[in-house]
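To start, the structure itself, in structure tokens.
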Amino acid sequence: MNRLTRIFSFIIVMSVISASTAFAAPAQKPASSGDGVTVTWLGQSAFKLEHGGKTIFIDPFITGNPNCPITLGDIKTADYILVTHDHFDHVGDTIELAKKTGAIVIANYDTVAKFQANGLPPENVLLGGFGRNVGGSMDFDGFSLVMTPAIHSSASGSPCGYIIRFSDGTSIYHAGDTGIFSDMELYARLYPVDVAILPIGNIMTMDAFQAAESLRMIRPKTAIPMHYGSFFLEPSADEFVKQAKRTAPEVDVMVLTPGQGYVFHGGRHK
Ligand code: NI
Ligand code: MN
């Protein structure tokens, strides 16, 4: 879809939405296999993205995740697993999930090496048998990936985030665990972001104030908060919603319910 078509279909969608009264509650849709990207939050930083018949998991912390509504046994298919850094609430079930589904694991070079030392089979690693690192982009069938920096720590390698650009034009930034940093603006300029998935839980990452300020740099159409409501982190997204109204009133903040799938087309859910 080119930009004009996207803007035009957005206008149509918005007219339909204004004509109905269903504006307050985001529509629930089953997983789509065609146009659009289905985004499902599984608690903490774990997400499932589906597009064109492919399923991508990010930071699949399923077992032991207090807000994850499914078990590892419920997951039947995965094509790719993206890991942002080597902390337990992000690595989660990566190795088991990859073994059971045949998914390709993508993470930084050192973390992938550690996964391999811990039993990740060679067939679950990208061609070349290595992880990757920040810089350039990686092209796959139906999407491309850019690893972004993240200001945080990691038991192996450097922490990262991902900008995932799908073939229908929808672009999703999963920031990983990070504090705010000014290069968010640079990356969003190079790779414009439709949907920004941002940590807001404080203590280990950005708090509501920093996450709301980051919207001024990332300028997404939609923001989805993550990494809160668990352990000792900020219990709710209420403060982020409030702060985002001040810093970026044009951004649609969507507070997701774990387990529900929301379909995005170029950043707007419908
Ligand atoms: Ni972490
Ligand atoms: Mn974390």
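Order of appearance sets the numbers: ligands from 1, and atoms from 1 within every ligand. The figures here come from the full heavy-atom set of this structure, side chains too, leaving out hydrogens, waters and symmetry mates.
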*Between Phe143 and Tyr80, does a ring-ring contact (aromatic ring centres under 6.0 Å, His included) hold up when you go through it step by step?*
CA-CA 11 Å; Phe143 68 98; Tyr80 297 92; 5.0 Å; yes
*Donor-acceptor pair, side chain of Thr55 and main chain of Glu50, under 3.5 angstrom*: no
_N/O donor-acceptor pair under 3.5 Å between Thr247 side chain and Ala212 backbone_ = yes
*Check the angle between the aromatic planes of His90 and His85 and answer parallel, tilted or perpendicular using the 30° and 60° thresholds.*
tilted
*Show all protein N/O/S atoms under 2.8 Å from the Ni ion (ligand 1), or state that there are none.*
His85 NE2, His87 ND1, His152 NE2, Asp177 OD2
*Distance from Asp194 atom CG to Ile172 atom CD1, nearest 0.5 Å?*
8.0 Å
*For Asp139 and Ser144, indicate whether the former's side chain and the latter's backbone hold a donor-acceptor pair under 3.5 Å.*
no
*Sub-2.8 Å protein N, O or S atoms surrounding the Mn ion (ligand 2)*: Asp89 OD2, His90 NE2, Asp177 OD2, His227 NE2
Enumerate donor-acceptor pairs with a distance under 3.5 Å from any side-chain N or O in residues 92-100 to protein atoms, sequence neighbours excluded.
from   : atom 1 : to    : atom 2 : distance (Å)
Asp93  : OD1    : Thr63 : OG1    : 2.7
Asp93  : OD2    : Ile62 : N      : 2.9
Asp93  : OD2    : Thr63 : N      : 2.7
Asp93  : OD2    : Thr63 : OG1    : 3.3
Thr94  : OG1    : Val91 : O      : 2.5
Lys100 : NZ     : Leu72 : O      : 2.7
Lys100 : NZ     : Ile75 : O      : 2.8

_Non-neighbouring partners of Leu186 that pass side chain to side chain contact (heavy atoms under 4.5 Å, CB included), sequence neighbours left out_ = Asp183, Arg189, Leu190
*Describe, in one word, how the ring planes of Phe47 and His174 are oriented to each other, choosing from parallel (under 30°), tilted (30 to 60°) and perpendicular (over 60°).*
perpendicular
